[in-house]
Structure formats: C-alpha cells, structure tokens
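Beneath this line is the structure, given in structure tokens, with notes to follow.
Computation of the quantities below employed the complete heavy-atom set of this structure, encompassing side-chain atoms and omitting hydrogens, waters and symmetry-equivalent molecules. Below, chain A is the first sequence line, B the second, and so on; all start at residue 1.
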Protein chains: 2
Amino acid sequence: MTASTEPRKVRADARQNLDALLTAARTVFAHSGVDAPAREIATEAGVGVGTLYRHFPNRAELVAAVFTTEIDATAAAAAELLESHPPKEALDLWITRFTRFVATKQGLSAALRSGDPAFDALPALLIGKLGPALTALLDAAAATGDIREDVDPLELLQAVGDLSHRAPSPDGSPNPMVRLLLDGLRTR
Amino acid sequence: MTASTEPRKVRADARQNLDALLTAARTVFAHSGVDAPAREIATEAGVGVGTLYRHFPNRAELVAAVFTTEIDATAAAAAELLESHPPKEALDLWITRFTRFVATKQGLSAALRSGDPAFDALPALLIGKLGPALTALLDAAAATGDIREDVDPLELLQAVGDLSHRAPSPDGSPNPMVRLLLDGLRTR
DNA sequence: CACTATACGGAACATTGTTCCGCTTAAGCA
DNA sequence: TGCTTAAGCGGAACAATGTTCCGTATAGTG
C-alpha cells in the first residue's frame, strides 16, 4: 500500500543540485552571514536561482536546512550533559554551548531577532528542537532547588539567543550578559 | 567673526518640509514601525523622496531624529529617579522605563539588533545619550553595595534593549527576562 | 523686479527576494 | 538502443525598497 504514489524516482541531478546548494549555502553563510543574497548561493552552487527556489520555498527554509544538523547535535548534548554533570552545571554548560552556536553563525542572531517574516522558519526550528532540551535541563535544575521554577524555557531560549550576538570570549565562556542572566536564575 | 559662512537664511519652505517630515515619520513609525518605506513617509509628509534625503542622509538618521526627544527625556529621568529613590530602586525603575520606551516603538528593537549598517545611527544615539545616564545609576547602586561593580553600562544597555522586544506586562513591569537580568545584577 | 542659490519632485538606478516559463534531460519502456 | 515524457533547469522578469540625480521652481536678496 505504500507505492501507490511513486510513479518515478527523484532525478539524480536534482539530488546532486540539492546537495550542492546545501554545501554552497554552508560555505557562503560562514563567509558572508545568513543574509547573503540567494543569487550568491545559487552561483556558488553552480545552479540558477530557479533551482534554489524549487528545492526551498524561501531563503529561511534553506537556512533552516543548513543548520538542522548542528541544532540536532546541540539538542542531543543536553541529555549527555545531564548525565555527566550536576543539573545546574549541565544547564550552564549547555547554555554556553548554545550561545557559542548562535554567535558563531554570522547573522543568525540578527535573523532570529529581525522579526522579518522571511525568517519565521528559524524560530520554529529552534523552538521545536531546542525547547524540549532546555525544558529538561531547567526541570532538573529546579528539582534540586538550584534555580527558580517560574522560568519559561522558550522565553529563556529566545532571550539567550537575543544576547548572543556578541562573540563569546576566547576561553569559551558565554558573554557577560548571558552570565548575568544565568545568575538571575539562581534561587536566592 | 561668526557670520562669515552665512550668506543666506534657511528657506522657509525647507524648514516647513523638515517639520512635516518629522511629523509624518512619527505618525508612520507609530503605525507601521520604523521599517516603513521611505516613500511612505515622504508621501505622508506631502513631499518627494528627494526632499526626505536632502534633510536626512538616510532613513536611520530620520529615525534617530524622531526619537531624540524621547531619548533625551529618558536620559533626564535618570537624575530625577536618583533623587527620589534609593539607588537600586532608581536603577530598576529606570530600566523599566527604558524597556517600555523600546518596546513601545514598533520595530525599534529589531532595528537596533538587526546589525544592518543602515541603522548605525541608532545605537550611537542611544549610547551617547543614555550611556551616561545608566552609568550614573549603576555607580550609585554599586556604591551602596546593592549590585556588583563589574558591569559595563553599555553592554547592559544593549542587553536590555535586546530583551525588550516583547511588550511589557500591562502593569508596566519589565518583561521576565529583563527582571532576571536585573536580579543577576545583585550582589549575593 | 530680476537674479541666483536653495530646495523640490520624482524618475531612474541598484539590490534583493521570488516567480515564471520555454528548453533540457534523466527515467522508464519497448 | 532509441523514444516519450514529465521532472527539473536556468535565468529573464517582476516587485519592493533604499538612494541618487537632475531639470525645474521659488524664496530671499539687492
């Protein structure tokens, strides 16, 4: 019953172009930020813009596709950190990691905050994948009484993203304002 | 010696148009946010775009001009609050006020964070006018030992701006994340 | 009242996201 | 292997927007 809607395979060149686009996007984003013109990405991939838009409904979806892997990895790290560290420490470490992720991606933070509907896919992606991860961390840290319990994970996630536009210190610690926020989380 | 470079007065129609532009901009910004197209503002003012651009080198300068008055008022409020309240309380109240200001201006926060060089004039304006005000508040609160001393006023200002995109609660208190940040400021 | 620098309006240009469509070509079939 | 056909392609074209340019109009001055 599963083959009723599969008259043909995906064309090989289509799949190749899709890969080329993802690779090109990764390169261009790293070099020029996520605001890079669609044409630039298409050119780098050696295809026309039309091809880009057949594979992705809009630029935001392309951005989302490029970062999905890393976002998944970040989400997965939450569970690992929880196993190897005390809750509050795991939370701090994970936030630091998240901070680094956002700061590393040129313009990602700006895109997140821009409010531009063109980037709607990004918040949805982050919320969907990282929301549960952060919720687990917050719950664990709240259970030990280290932090307050009235914190909305999504708001915190958004806030940390908002504060992460400045590059983190070379030593890998989050920027001072994120640290302040984490301090505010503690029970007094 | 002061008149050597004043061969003529400013033309009356020029001054009128400038006022019309500022008024129109205020209206349009309130209605459509600071991202409103330049043409829309020019039309509302009943002038051509050329006129807009002779009075302001770019849209950011226009935005800056429109908000200058309110920014000045916000800066002035710092001194007043310091006189009528204990330092830490004054700080909290002023931050709340600043938060409300940013959140009220549709798109101001987005513009601040966008990183778009087109908006460079805005951070400069905020830093120039509000930086000293916040420094005074922080110094006073640090002197009484209520808050830590290692906080960079400019970073904090930027951070609060970053977090103020969500509308404040109806009761006028700042959003939860700003409150968390203010809590992190306290000495333990 | 004439003259001229100032100011004006809006067409024109550049950049970017996105859509459209005629042409190409890979996949399935005989 | 050669045909047929729909999936896929490239890039011209369109729309929105910031900004510049320039021929025309006019306020201020003597």
Side-chain angles (χ1 to χ4, degrees), chain A residues 3 5-22 24-25 28-29 32-66 107 110-111 114-122, chain B residues 3-22 24-25 28-29 32-65 107 110-111 114-122:
Chain A
T5 48
E6 270 187 346
R8 283 200 180 200
K9 278 189 201 167
V10 181
R11 276 170 58 162
D13 56 345
R15 166 124 258 123
Q16 273 187 3
N17 281 332
L18 196 159
D19 288 348
L21 278 168
L22 283 172
V28 173
F29 288 164
S32 318
V34 298
D35 288 328
R39 279 165 183 68
E40 191 178 333
I41 297 163
T43 301
E44 169 80 20
V47 304
V49 268
T51 301
L52 189 163
Y53 280 96
R54 185 150 348 74
H55 286 291
F56 304 95
N58 52 50
R59 242 190 41 259
E61 293 288 345
L62 172 56
V63 175
V66 165
S114 71
D116 186 333
F119 286 115
D120 274 356
L122 296 181
Chain B
S4 65
T5 49
E6 271 187 345
R8 283 201 180 199
K9 279 189 199 169
V10 181
R11 272 170 58 164
D13 56 345
R15 168 123 257 123
Q16 272 186 4
N17 281 332
L18 197 159
D19 288 349
L21 278 167
L22 283 172
V28 173
F29 288 164
S32 318
V34 298
D35 288 329
R39 280 164 183 68
E40 190 178 332
I41 297 162
T43 301
E44 169 80 21
V47 305
V49 268
T51 300
L52 189 162
Y53 279 94
R54 185 150 348 76
H55 287 290
F56 304 94
N58 53 49
R59 241 188 43 257
E61 292 288 346
L62 172 57
V63 175
S114 71
D116 187 334
F119 286 114
D120 275 357
L122 296 182

For residues 43-53 of chain B, pull every pair meeting side-chain hydrogen bond (donor to acceptor under 3.5 Å, both in side chains), keeping only residues two or more places apart or in separate chains.
-> none
Residue list, salt bridge (Lys or Arg N to Asp or Glu O under 4.0 Å) with A:Asp13, at least two apart or on another chain | A:Arg11
Listing, residues 54-63 of chain B side-chain donor-acceptor contacts under 3.5 Å, not counting sequence neighbours, or none:
{"unit_1": "B:Asn58", "atom_1": "OD1", "unit_2": "B:Ala60", "atom_2": "N", "d": "3.2"}
{"unit_1": "B:Asn58", "atom_1": "OD1", "unit_2": "B:Glu61", "atom_2": "N", "d": "3.1"}

If only side-chain N and O atoms of [X] are considered, is one of them under 4.0 Å from the OP1 or OP2 phosphate oxygen of [N]?
| X | N | answer |
| --- | --- | --- |
| A:His55 | D:dC9 | yes |
| B:Tyr53 | D:dT19 | yes |
| A:Thr51 | D:dG10 | yes |
| B:Arg54 | C:dA7 | no |

Non-hydrogen atoms of B:Leu52 and B:Ala38 that approach each other most closely = CD1-O, 3.6 Å
Exercise: identify the closest heavy-atom pair between B:Ile41 and B:Ala36 = CD1-O, 4.2 Å
Could you list all N or O pairs between the protein and nucleotides 23-27 of chain C that sit under 3.5 Å apart?
{"unit_1": "C:dT25", "atom_1": "O2", "unit_2": "A:Arg11", "atom_2": "NH1", "d": "3.3"}
{"unit_1": "C:dA27", "atom_1": "OP1", "unit_2": "A:Ala12", "atom_2": "N", "d": "3.0"}

In whole angstrom, what separates [X]'s [atom1] from [N]'s [atom2]?
| X | N | atom1 | atom2 | result |
| --- | --- | --- | --- | --- |
| B:Leu18 | C:dC8 | CG | C1' | 14 Å |
| B:Arg59 | D:dT20 | CZ | C1' | 16 Å |
| B:Leu52 | D:dT20 | CG | P | 12 Å |
| A:Asp35 | D:dT17 | CG | C1' | 16 Å |
| B:Leu62 | D:dT19 | CG | P | 11 Å |
| A:Phe56 | C:dT19 | CZ | P | 15 Å |

Heavy-atom nearest nucleotide on DNA chain C taken for B:Arg15 and for A:Pro57; more 5' hit belongs to B:Arg15
Write out a two-atom table: protein N or O, nucleotide N or O from nucleotides 11-15 of chain C, distance below 3.5 Å.
{"unit_1": "C:dA12", "atom_1": "N6", "unit_2": "B:Arg39", "atom_2": "NH2", "d": "3.2"}

Side-chain contact check for A:Asn17: nearest option of C:dC8, D:dT19, D:dC9 is D:dC9
Residues at least two apart in sequence or cross-chain that pass side chain to side chain donor-acceptor pair (under 3.5 Å) with A:Gln16, listed by chain then number, are none
